[in-house]
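Predicted model only: the values in this text are computed from it and were never measured. Quick note: numbers below take in every heavy atom, side chains included, and nothing from hydrogens, waters or symmetry partners.
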Amino acid sequence: MSDCGCGAEQAESLEKKTLIILLSINAFMFVTELTLGWLAQSTGLIADSLDMLADATVYGLSLYAVGKGVVKQAKAARVSGYLQIILGLGVLFEVIRRMVFGSEPQSTLIIVVGAVALLANIICLILISKHKDSGVHMRASWIFSTNDVIANLGIIISGVLVAIVGSRYPDLIVGTIISIVVIRGGIKILQDADQTQKSGNRA
């Protein structure tokens, strides 16, 4: 249950409102980051935009799972985990493609967009932190938001390094790291979902 000190129905209502806000922020940032990331030729921003899409989908699944039984919450979290892994692999493919065919990342745009995304994800993290102990579906959302903040810091650093060294490799390296973080987060969510469902089946 959420740490609001309220009844179950009120807690579920707060969860739903929080998830709707989180979904809206991530959907908007997905479109923004994907568009500007493509213009900036940044694998880091494109990777993070796909992570935003995964997050928006996860928040939608978590919204569906609010008030449902433990088993359904675990199933929703499992779908989230698989999606996270698939998108992480997609980002790795994009990194390899740009490594082979080349790219010219724009450092200023990377830094600015990365900073805006960082602010958006910090807001998401603050909002979801109140509900991270509510259930496996909300823990999945917490993991996503935490990973996003780490990824955004990496993007900003990569933009600075691109400007300093005049090379695309910092951007490619950060894109690779983000994809690994995303895949690792997906695996962690799947493990958490399996344990929760086993507990639910025994109950």
Side-chain angles (χ1 to χ4, degrees), residues 21-60 80-129 140-189:
I21 295 171
L22 295 174
L23 194 159
S24 301
I25 291 173
N26 279 270
F28 173 78
M29 288 305 301
F30 158 65
V31 175
T32 302
E33 272 198 291
L34 182 62
T35 302
L36 296 178
W38 194 264
L39 292 174
Q41 297 188 46
S42 168
T43 54
L45 288 179
I46 292 173
D48 197 52
S49 74
L50 293 177
D51 191 32
M52 289 285 192
L53 173 61
D55 290 353
T57 305
V58 168
Y59 295 138
S80 303
Y82 283 127
L83 178 62
Q84 186 95 329
I85 292 170
I86 290 169
L87 287 175
L89 292 173
V91 171
L92 273 179
F93 174 80
E94 178 63 14
V95 169
I96 294 170
R97 189 186 74 81
R98 287 182 181 266
M99 191 174 293
V100 172
F101 294 103
S103 61
E104 295 181 7
Q106 307 298 309
S107 59
T108 302
L109 197 52
I110 292 173
I111 294 169
V112 171
V113 177
V116 172
L118 176 62
L119 177 61
N121 280 316
I122 288 174
I123 292 172
C124 290
L125 191 62
I126 292 171
L127 289 171
I128 199 68
S129 65
S141 299
W142 165 258
I143 291 170
F144 276 2
S145 295
T146 304
N147 287 344
D148 288 346
V149 170
I150 296 170
N152 292 143
L153 290 171
I155 288 170
I156 294 171
I157 293 171
S158 77
V160 173
L161 290 176
V162 166
I164 292 174
V165 303
S167 169
R168 63 195 169 102
Y169 287 104
D171 178 63
L172 294 173
I173 291 169
V174 167
T176 302
I177 292 172
I178 290 175
S179 68
I180 292 171
V181 169
V182 169
I183 292 170
R184 185 171 175 271
I187 293 171
K188 187 175 180 180
I189 289 168

If you compare all heavy atoms of [X] against all heavy atoms of [Y], which two are closest, and at what distance to 0.1 Å?
X    : Y    : result
G159 : S107 : O-CB, 3.2 Å
A56  : A27  : CB-N, 4.1 Å
V162 : S167 : CG2-O, 3.4 Å
A40  : L45  : CB-CD1, 4.3 Å
I111 : I156 : CG1-O, 4.0 Å
S158 : V174 : CB-CG2, 3.2 Å

Calculate, to the nearest 0.5 Å, the distance between atoms [atom1] and [atom2] belonging to [X] and [Y] respectively.
X   : Y    : atom1 : atom2 : answer
Y82 : L87  : OH    : CG    : 15.0 Å
L36 : Q106 : CG    : CD    : 12.0 Å
L34 : L39  : CG    : CG    : 9.5 Å

For L172, give me all partners under side-chain contact (heavy atoms from CB on, under 4.5 Å), at least two apart in sequence or on another chain. T43, V95, R98, M99, R168, Y169

Using modelled atom types and a 3.5 Å cut-off, is there a donor and acceptor pairing between side-chain atoms of T32 and backbone atoms of M29? no

Result of checking V160, I164, V165, I110 against P170 for side-chain contact (heavy atoms from CB on, under 4.5 Å): V165

I'd like a table of donor-acceptor pairs (distance under 3.5 Å, sequence neighbours excluded) in which one partner is a side-chain atom from residues 114-127, with atom names and distances.
from: N121; atom 1: ND2; to: A117; atom 2: O; distance (Å): 3.2
from: N121; atom 1: ND2; to: N152; atom 2: OD1; distance (Å): 2.5

